[in-house]
Amino acid sequence: MGIYLNPKKSAFQKGLNSQIYVDKSELIAYTNKVLESEQQYVCVSRPRRFGKSMAANMLAAYYGRGADSKEEFKKLKIGKDDSFSVHLNQYNVIFLNMQDFLSENHDVGSMRHSIEKNILWDLLEAYPDIRYYDSENLIRTLSDIYNAVDIPFIFIIDEWDCIFREKKEDKEEQKIYLDFLRNLLKDKQYVALAYMTGILPIKKYGTHSALNMFDEFSMTNPKQLAEFVGFTESEVKELCCQYGMDFEETKRWYDGYRFENLEHVYSPRSVVSAMLSRSFDSYWNQTETFEALRDYIALNYAGLKDTVIELLAGSSKKINTSKFTNDMTTFKSADDVLTLLIHLGYLGYDYTAQEVFIPNSEVASEFYNAVEDTGWETVVRALQQSDRLLKNAWNKNAEAVAKGIEEAHFETSILKYNDENSLACVISLAFYSARAYYTEIRELPSGQGFADIVYLPRKKHQDKPAMIVELKWDKSAEGAIEQIKTKKYVKALEEYKGNLLLIGVNYSKDRKEHQCIIEEISV
């Protein structure tokens, strides 16, 4: 048992001892399946505070020969898996946190030397009686030990991508680092599993990667490991019940990450913080400061500002993530910047639709802060005026609502304004404050069509009226109200009981002005 070779299980034990521990041990069932196979190279990339290090500590405690961890694991979900006892504490685990080594060294060369020296120290102490060809050569020493004792090694590498985050511009240092990892891990008989975690996927040069043997599980496509990215809906419901927290509010604040086979994934650190503090708030700025978001969205790439405004309005946007080179500096388009924001957790990604969106209220508040700090005064002004517009809607002051929408359109005139979709975007921005009270639903299906925008009051705000907003482009506000009635959009809200505002909005292309009509009914 050493510092890096077969470390103690204490780090995993701390996780178990925490006030909230969500059992993600079934991840081990997957890694057991891929041991000593073509799929034994696993790279998991997630944002900060999404449980990467906890998973790494768990794997080290499970596989490492220096940790007698049967009692801890048999109580967890993995304890019921057929492979549980087969691989428990059967491997030589080498656990490396690359951030620690980078912090102690000024360049990759000295960092590599430190890694090799520290691992060799542990290896030679654990196996002093083996005849070594070159005890100062790490790769040869690992091979000598494996050939002598027939126990393969599992490499667990946390913060693998710290080089690309802290030495963003130093391409030569990055290549040296990747070559070191490739030479250490690729095609080596002594490797049974290599499990790496980081924020970024593996760096690409052109269309290739120096570590192309790895299967990647990222925020754009976590594949079969999706349920281990964050907390699932069932896990969050259980926590809300345990801590007496409102599930719908928890969902609004922290849900929103969406994967191909899993619709609802929650930010784990934020959920834990909310449960323990009994308070819904933005805990995101404790993980990644909004200055980082501000700097990225302020980059002057064609279409980036338009997209950010549309995302703030609740829209989603199709992007191409395939050209992203997996670093924090090489951007060729707005899509590259948006792809980075997916990996940093600032944007959700729908893999099937290939669209990005702002996932939840917590992250939306960080976008608001970042936009406010970019110098986009006109956009900020439109958002700040939305509280007044919402109150005017409640008071059925149609003229004031039309004027507020007009102002929001003027403030966000960067957006193309030529159809009902762009009008819907402006309406959503104009009603930005409504998100504090309502769930906004675009294109809500009804018996005879789709209501453009519906605002349903959340459980805590049942004193507020529901709102159906129907949009027309170069027609009439009266026609919008008539469509709500004739197509029976109200029937889509059969479970809602209370006051309902019908809001018809039209934009006249010739007069370049908005008209609004508001009617109130009870349902």
Side-chain angles (χ1 to χ4, degrees), residues 11 14-15 18 20-22 24 27 42-59 95-103 156-168 195-203 216-220 222 225-231 236 253-259 265-277 281-297 324 326-329 337-349 356 358-367 369-370:
K14 286 181 181 178
S18 299
I20 292 178
Y21 177 77
V22 175
K24 295 290 186 179
L27 170 64
V42 177
C43 183
V44 173
S45 57
R46 302 176 198 160
R48 288 194 185 281
R49 306 302 187 188
F50 267 64
K52 300 185 299 296
S53 295
M54 288 188 70
N57 291 332
M58 177 184 70
L59 293 174
F95 189 108
L96 304 172
N97 185 316
M98 291 303 190
Q99 185 66 61
D100 292 343
F101 286 102
L102 181 60
S103 298
I156 299 174
I157 302 175
D158 200 10
E159 301 278 4
W160 89 271
D161 62 331
C162 61
I163 295 291
F164 302 95
R165 291 185 275 112
E166 296 200 14
K167 293 184 175 290
K168 299 176 184 178
Y195 182 92
M196 299 200 310
T197 74
I199 295 174
L200 295 171
I202 291 171
K203 169 68 180 173
E216 294 199 68
F217 303 85
S218 71
M219 292 299 284
T220 55
L225 300 188
E227 66 180 291
F228 307 114
V229 171
F231 289 170
V236 172
W253 275 95
Y254 310 118
D255 184 19
Y257 298 96
R258 183 187 311 161
F259 304 121
V265 174
Y266 292 67
S267 171
R269 169 62 182 272
S270 299
V271 170
V272 168
S273 297
M275 296 297 119
L276 294 180
S277 67
D281 201 353
S282 177
Y283 301 99
W284 193 258
N285 56 18
Q286 299 172 20
T287 60
E288 290 279 351
T289 60
F290 82 86
E291 286 87 353
L293 176 61
R294 174 202 62 198
D295 292 344
Y296 286 120
I297 66 175
F324 181 55
N326 298 344
D327 65 29
M328 303 180 85
T329 57
V337 178
L338 296 169
T339 304
L340 174 61
L341 294 179
I342 295 170
H343 293 298
L344 293 177
Y346 286 116
L347 292 175
Y349 181 66
V356 292
I358 295 176
N360 51 49
S361 293
E362 180 183 41
V363 179
S365 68
E366 294 305 308
F367 266 90
N369 291 337

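We number each residue from 1, following the sequence as shown.
With sequence neighbours left out, Lys14 forms a side chain to side chain contact (heavy atoms under 4.5 Å, CB included) with no residue at all. With sequence neighbours excluded, no residue forms a ring-ring contact (aromatic ring centres under 6.0 Å, His included) with Tyr349.
Checked by atom type, the side-chain pair Glu216/Ser45 shows no donor-acceptor distance below 3.5 Å.
The shortest side-chain heavy-atom distance between Leu200 and Leu340 falls under the 4.5 Å cut-off.
Side-chain rings of Tyr257 and Phe50 approach one another, their centers coming within less than 6.0 Å.
The two residues Tyr283 and Ser270 have their closest heavy-atom pair at CD1-O, 3.8 Å. In terms of heavy-atom proximity, Met328 sits nearest to Leu344 at CE-CD2, 4.2 Å. Scanning both residues, Pro201 and Trp160, for their nearest heavy atoms gives O-CZ2, 3.6 Å. Shown here for Pro268 and Arg49, the closest heavy-atom pair between the two residues is CG-O, 3.6 Å. The shortest heavy-atom contact between Asp281 and Tyr254 is O-OH, 2.7 Å.
Using a 4.0 Å cut-off between charged side-chain N and carboxylate O, Glu227 and Lys24 make no salt bridge.
Put simply, the side chain of Asp161 gets close to the backbone of Ile199: a donor and an acceptor are under 3.5 Å apart.
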